[in-house]
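Proteins get letters first, then strands, A, B, ... in listed order; numbering begins at 1 in each.
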Amino acid sequence: MATFFGEVVTASSRALDEDEDYDDDDDGAYEEDEHIHKELQEKREVQLNWGPGVSAGGCGTVPCSNVIIAVGHNATNFLSAYVLNSTAWEEAGNTSVWKEGKTAVFHRYRDNTSVLICQVTNYVPEDQLFQWTEKVLGCLHKAGLSVTVLSDCPVSDYKTSDMAYSSSSAPFLRCLRTSTSRSLALCRPLEPPNIITGLPAAVLSQCQIHHIPAVVYQCYTDVITPDSITMETYKPLLSSLSKVVKLNPSPSAEILCKYVKSSEIQSNLYI
Amino acid sequence: MAARYDRAITVFSPDGHLFQVEYAQEAVKKGSTVVGIRGNDIVVLGVERKSVAKLQEDRTIRKINSLDEHVCMAFAGLTADARIVINRARVECQSHRLTVEDPVTVEYITRYIARLKQRYTQSNGRRPFGIAALIVGFDDDGTPRLYQTEPSGTYHAWKANAIGHSAKAVREFLEKNYTDEAIAVDKEAIKLAIKALLEVVQSGGKNIELAVIKRNEPLRILEAKEIETFVAEIEKEREEEIEKKKPKKSG
């Protein structure tokens, strides 16, 4: 076709298969892109490393009846103060992610090695959540497995028509479970339109697909730093945990202070 | 939800909320706990002291500030906002002395602070002050006073109150334990303030700062040793209570 200035240009047509017109020179650039993409993909692989005591030969071989995953400062510190605070637990493995380092640590109960606790200590990028969940749950033997997830969430994300409720009642617990979960409800279910996001959502979705009984306990809190009152909100879970492991029901004030102080942010914005 | 009505201070939501004022009240909860007790002959302010960075001078972090010789104030919330309010209140106290040749009453200066805060809830382009304050002192006639102001610009007189983080728990403790006998003696009023703070303060007396004003005396901030002595007395009394409640062994 002719343009306004009289030059003739070839009009593009959807009838033609444009791939046939590719120059041979372009193949080099395309290969280089592919190579870079492949390298990036390899780097962004979630690394799952089991300790020497764990026999993880292949898919679904790690024996496990109960796994408790904690996401967020208060959830991880709750498990550290109330459950892991004894020599009955040993470190069983960890996961690591490119540029974030060690993201999660696994602990195994010595007296019953099918009970695992996973403390997610670092951020897992959104695009790697599915991969992380698939790798971790993929390693575990699914028959008889039950999953519990503890997660922190800011109370400002809690949607309710009663404005006064959320701020005056924080911290509080809500739960969301898979269809195969039959465990006793330890708190109220999460009301719509509230949703679970991030790693707890990825774990719950994976469990729903594979028909694994799972429940997420989300703690809505108005404090951004680890706080002993928020940690105590998870206490109702100790009743179900005590059926599988021996627990220290009330850690001393010194132990609680250790976990609260360790993450104190030095800020003079509010006093 | 709040979405379209919480950005500008001058906008009411359809159900009558001023969201910026309510959010300012959330900022107050981020500050550490402050408790105020009005006794018969003494007013007490107790605060939870936040831990400071290692290289920071802790004298520069003061939650309790005097506004005049006979009035002092403790706040919870945004530090910088508090500094502005305190400076304005101090100037007003001196201006009142020069103009009227009398010191301010506690109610006057509280009303001044509350009016200042309210102005910032009704102006274009300004946000409310993110602080609540407990103002204590003695009037000229010797009456002890305790007032509380909020980011909304309201103020009320109290016998005892708490603001900041965990204020609700401390207020509940005060409602159960504030009695005329408990505040009859100065020492008991001080101990009540410490007991109230110990309900929520982690790691005990080390993180408590206490200030008192007695009739015709200036503000006095208690030394750490004095507070430790009171804490030890309180712990001894608690142990004695527990011993009394134990069932006696039959002989």
Legend entry - B:Thr79 side chain vs A:Leu269 backbone, donor-acceptor pair below 3.5 Å: yes
Legend entry - Residue B:Glu240 excluded, over 12 heavy atoms near CD under 6.0 Å: yes
Inset, instruction - Might you point out which heavy atoms bring A:Asp227 and B:His165 nearest each other, and give the distance in Å? - result: OD1-NE2, 4.1 Å
Legend entry - Rounded distance (nearest 0.5 Å) linking atom CD1 of B:Ile131 with atom OH of A:Tyr270: 13.0 Å
Legend entry - Shortest non-hydrogen separation from B:Lys30 to A:Asp222 and the atoms involved: NZ-O, 3.6 Å
Legend entry - Non-hydrogen side-chain atoms of B:Phe75 and A:Ile271 separated by less than 4.5 Å: yes
Inset, instruction - Give, as side chain, backbone, both or neither, the part of B:Ala27 having an atom under 4.5 angstrom from any heavy atom of chain A. - result: both
